[in-house]
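Whatever order the structure lists them in is the order used to number ligands and atoms, beginning at 1. Because only heavy atoms are used, hydrogens play no part in the values below, and waters and symmetry mates are left out as well, while side chains stay in. Keep in mind it's a predicted model, so treat the numbers as computed, not measured. FYI, the numbering just counts along the sequence from 1.
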Amino acid sequence: MTTYVTPTAEIATVRTSAIKLHGEDGFAGMRKAGRLAAEILDAVVPLVQPGAVTSDIDDFIRNMMLEAGAVPATLGYHGYQYSCCISLNNVICHGMPGDKALREGDILNIDVTPLVDGWHGDTSRMYLVGDVPIKARRLVDVTYECLMLGIEQARPGNTLGDVGHAIQTHAEKHRYGVVRDFCGHGLGRVFHDSPEVIHVGRPGTGPELRPGMIFTIEPMINAGKPGVRMLDDGWTAVTRDRTLSAQFEHSIGITETGCEIFTASPKGLHRPPY
Ligand code: MF3
Ligand code: CO
Ligand code: CO
């Protein structure tokens with residue numbers, strides 16, 4: 001059984017098993033945090049070039065957050081030491097910035113979460129480095145479509161199973177694998193809150209969506225099988241079969257009639273080519 005709760009001052013900042021139903025203050029907070037997150041993903045577009053070093057992109061993102069009066073929510077999160085995640089090629093998620101240079105033909109996900117006035121704006125997009133083979137571009141396109149098809153199902157009366165089903169159906173139609181080991185999540189004053197947003201599912205199953213719910217949808221789609229392998233660094237998740245992986249993420253809030261996307265690109269840079 002799913003339970004829902006209206007966040008009070010006491011529970012707003014703690015993870016709860018009940019799903020929080022936020023009010024107008026939550027939506028206003030998420031709008032501001034989501035906008036900064038999306039502006040950052042817009043601003044890094046010209047930095048993604050052959051030869052660019054991913055730790056320089058991380059520095060840029062941290063500085064842009066600090067200049068905007070925000071804090072990178074990932075910095076120090078369970079010991080994570082960076083202001084974003086940069087996941088290249090066969091890396092599924094939580095890739096760590098480092099001294100590695102980007103190369104022509106790479107695809108990468110950049111995932112940012114600025115904390116603005118106590119609210120988390122969590123979003124990621126794929127980027128292409130120079131000329132990218134058609135196979136990789138197709139994976140990126142289908143992954144974006146998966147996210148948007150999931151978001152289309154996000155409205156009162158539907159369930160999280162409807163969201164997962166839409167994503168899974170589209171990915172598997174293209175013979176891609178949907179990662180099961182990581183999921184979307186409720187968020188707000190808490191970075192990772194209930195519910196878990198699973199990117200596969202059956203229609204009509206799982207928690208019912210209600211106005212006030214705020215969560216991410218962030219499908220990770222592998223060109224091959226869904227299997228994950230963790231690297232020894234404890235963070236980096238790669239595809240077990242070494243195929244490419246792609247991901248897009250938005251933070252959304254359920255409204256009376258559908259949903260609001262808090263992290264839409266102000267510049268219209270929704271998907272590559274940018
Ligand atoms: N932004 C990621 C997400 O979508 C979480 C990153 S946590 C980190 O949920 F510690 F790896 F940065
Ligand atoms: Co997220
Ligand atoms: Co994220």
Specify the protein heavy atom at minimum distance from [atom]: its residue, its atom name, and the distance to 0.1 Å.
atom	answer
atom 2 (C) of ligand 1	Asp111 OD2, 3.5 Å
atom 9 (O) of ligand 1	His192 NE2, 2.7 Å
atom 3 (C) of ligand 1	Asp122 OD2, 3.4 Å

*Please lay out, stage by stage, how Arg31 and Glu260 fare under the test salt bridge (charged side-chain N to carboxylate O under 4.0 Å, His left out).*
CA-CA 9 Å; Arg31 233 166 254 144; Glu260 176 174 347; 2.6 Å; yes
Nitrogen or oxygen atoms of [X] and ligand 1 under 3.5 Å apart:
X	value
Tyr77	no
Trp235	no
His94	no
Glu218	yes
Thr74	no

*asked:* Working to the nearest 0.5 angstrom, can you tell me the gap between Ser83 OG and Asp59 CG?
replied: 8.0 Å
*Which residues and atoms, protein N, O or S only, are under 2.8 Å from the Co ion (ligand 2)?*
Asp122 OD2, His185 NE2, Glu218 OE2, Glu249 OE2
_Parallel, tilted or perpendicular, judged at 30° and 60°: which one describes the rings of Trp119 and His22?_
perpendicular
*Should the ring pair Phe27 and Phe262 be called parallel, tilted or perpendicular, given that the plane angle runs from 0 to 90° and is split at 30 and 60?*
perpendicular
*Please collect all salt bridge (Lys or Arg N to Asp or Glu O under 4.0 Å) contacts where either partner lies in residues 213-236, sequence neighbours excluded, each pair once.*
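Every pair satisfying salt bridge (Lys or Arg N to Asp or Glu O under 4.0 Å) with a residue in residues 213-236: there are none.
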*side chain to side chain contact (heavy atoms under 4.5 Å, CB included) between Ile221 and Val178: does it pass, once the steps are laid out?*
CA-CA 5 Å; Ile221 309 296; Val178 182; 4.0 Å; yes
Which of the atoms of ligand 1 are close to [X], meaning less than 4.0 Å from one of its heavy atoms?
X	result
Thr113	1 (N)
His185	3 (C), 4 (O), 9 (O)
Cys85	6 (C), 11 (F), 12 (F)

*Heavy-atom contacts under 4.0 Å between Ser124 and ligand 1: side chain, backbone, both, or neither?*
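Within the 4.0 Å criterion, Ser124 makes no contact with ligand 1.
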*What are the two closest heavy atoms between Gln247 and Ile92, and how far apart are they?*
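In this case the closest contact between Gln247 and Ile92 is OE1-O, 3.9 Å.
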*Search all heavy atoms of Leu244 against all heavy atoms of Thr239 and return the closest pair with its distance.*
O-CG2, 4.3 Å
_side-chain contact (heavy atoms from CB on, under 4.5 Å) involving Cys85 - partner list, sequence neighbours excluded_ =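 For Cys85 the side-chain contact (heavy atoms from CB on, under 4.5 Å) partners, ignoring immediate neighbours, are Tyr80, His94, Asp111.
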*asked:* Could you check whether any heavy atom of Tyr82 sits closer than 4.0 Å to an atom of ligand 1, since that is the contact criterion I want to use?
replied: no
_From CA spacing to verdict: side chain to side chain contact (heavy atoms under 4.5 Å, CB included), Thr216, Val197_ = CA-CA 7 Å; Thr216 72; Val197 178; 5.5 Å; no
*Establish, yes or no, whether a centroid distance under 6.0 Å links the rings of His250 and Phe215.*
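No, they do not, as the ring centres are separated by 6.0 Å or more.
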*Can you run down the side-chain hydrogen bond (donor to acceptor under 3.5 Å, both in side chains) pairs that involve residues 194-207, sequence neighbours left out, and say none if there aren't any?*
none
